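Shown next, in structure tokens, is the structure this report addresses.
Predicted, not measured: the structure shown is a model, and the values here were computed from it.
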Amino acid sequence: MLLGLKVVNKDGSPASIGARILRNLPIAIGPGLLIIPLLGYVLAPIVALLLICTEIVMLLTQGNRLGDRLAGTTVTRL
């Protein structure tokens with residue numbers, strides 16, 4: 001909101017809470033792996049790095065993040 005951006009569905013209607021949560025799920029997977037004792041501390045940085053790199057590549061090449069494609073949302077200006 002501070003940047004004047006808004007998350008909406010592909011058809012322009014306001015995004016639901018579920019869609020907003022689903023949109024951010026790929027970013028939360030890496031840190032979520034930290035709940036696994038020992039193995040999580042090895043896997044979390046690797047998975048987080050791969051997901052963030054995927055998000056960046058998709059954002060730069062297609063204009064939408066992986067989370068946007070999963071949730072069927074897009075970001076627009078207010």
Side-chain angles (χ1 to χ4, degrees):
M1 293 179 97
L2 290 172
L3 297 175
L5 301 174
K6 180 173 150 181
V7 177
V8 296
N9 290 325
K10 294 278 184 186
D11 62 3
S13 63
S16 67
I17 293 173
R20 292 180 195 185
I21 291 171
L22 184 59
R23 178 180 185 271
N24 290 305
L25 192 62
I27 294 173
I29 290 174
L33 290 174
L34 290 173
I35 64 171
I36 302 171
L38 299 176
L39 184 60
Y41 289 99
V42 175
L43 290 177
I46 297 167
V47 171
L49 180 65
L50 289 173
L51 285 171
I52 289 172
C53 288
T54 302
E55 292 272 352
I56 290 170
V57 168
M58 288 184 73
L59 182 62
L60 294 175
T61 60
Q62 300 175 5
N64 279 335
R65 293 181 28 228
L66 176 61
D68 285 325
R69 293 191 69 167
L70 288 173
T73 58
T74 190
V75 177
T76 61
R77 294 212 180 265
L78 287 174

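Hydrophobic clustering (ILVMFWY, side-chain heavy atoms < 4.5 Å, transitive): Leu5 and Leu60 are in distinct clusters. By the criterion of side-chain heavy atoms lying less than 4.5 angstrom apart, applied directly or through intervening Ile, Leu, Val, Met, Phe, Trp or Tyr residues, Leu43 is grouped together with Leu51 in one hydrophobic cluster. Residues Ile36 and Ile29 share a hydrophobic cluster, clusters being chains of Ile/Leu/Val/Met/Phe/Trp/Tyr side chains in contact below 4.5 Å. Taken together through direct or relayed side-chain contacts under 4.5 Å among Ile, Leu, Val, Met, Phe, Trp and Tyr, Ile17 and Val7 form parts of separate hydrophobic clusters.
Residues Glu55 and Ile27 come closest through the heavy atom pair OE2-CG1, 4.4 Å. Pairing each heavy atom of Ala71 with each of Ala19, the nearest pair is CB-O, 3.3 Å. Annotation for Leu34 and Ala44: closest pair CD2-CB, 3.6 Å, computed over non-hydrogen atoms.
Listed for the Ser13 side chain is no donor-acceptor partner under 3.5 Å among the backbone atoms of Asn9. The closest donor-acceptor contact from the side chain of Arg65 to the backbone of Arg23 lies under 3.5 Å.
A distance of 9.5 Å separates CZ of Arg20 from OG1 of Thr73, quoted to the nearest 0.5 Å. Asn24 contributes atom CG, which lies 11.0 Å from atom CG of Leu70 (distance to the nearest 0.5 angstrom).
Put simply, the side chain of Leu59 does not reach to within 4.5 Å of the side chain of Ile56, judged on heavy atoms.
Other residues, nucleotides and ligands contribute over 12 non-hydrogen atoms within 6.0 Å of the NZ atom of Lys10.
Just one residue in the list Val47, Ile46, Ile52 forms a side chain to side chain contact (heavy atoms under 4.5 Å, CB included) with Leu50, and that residue is Ile46.
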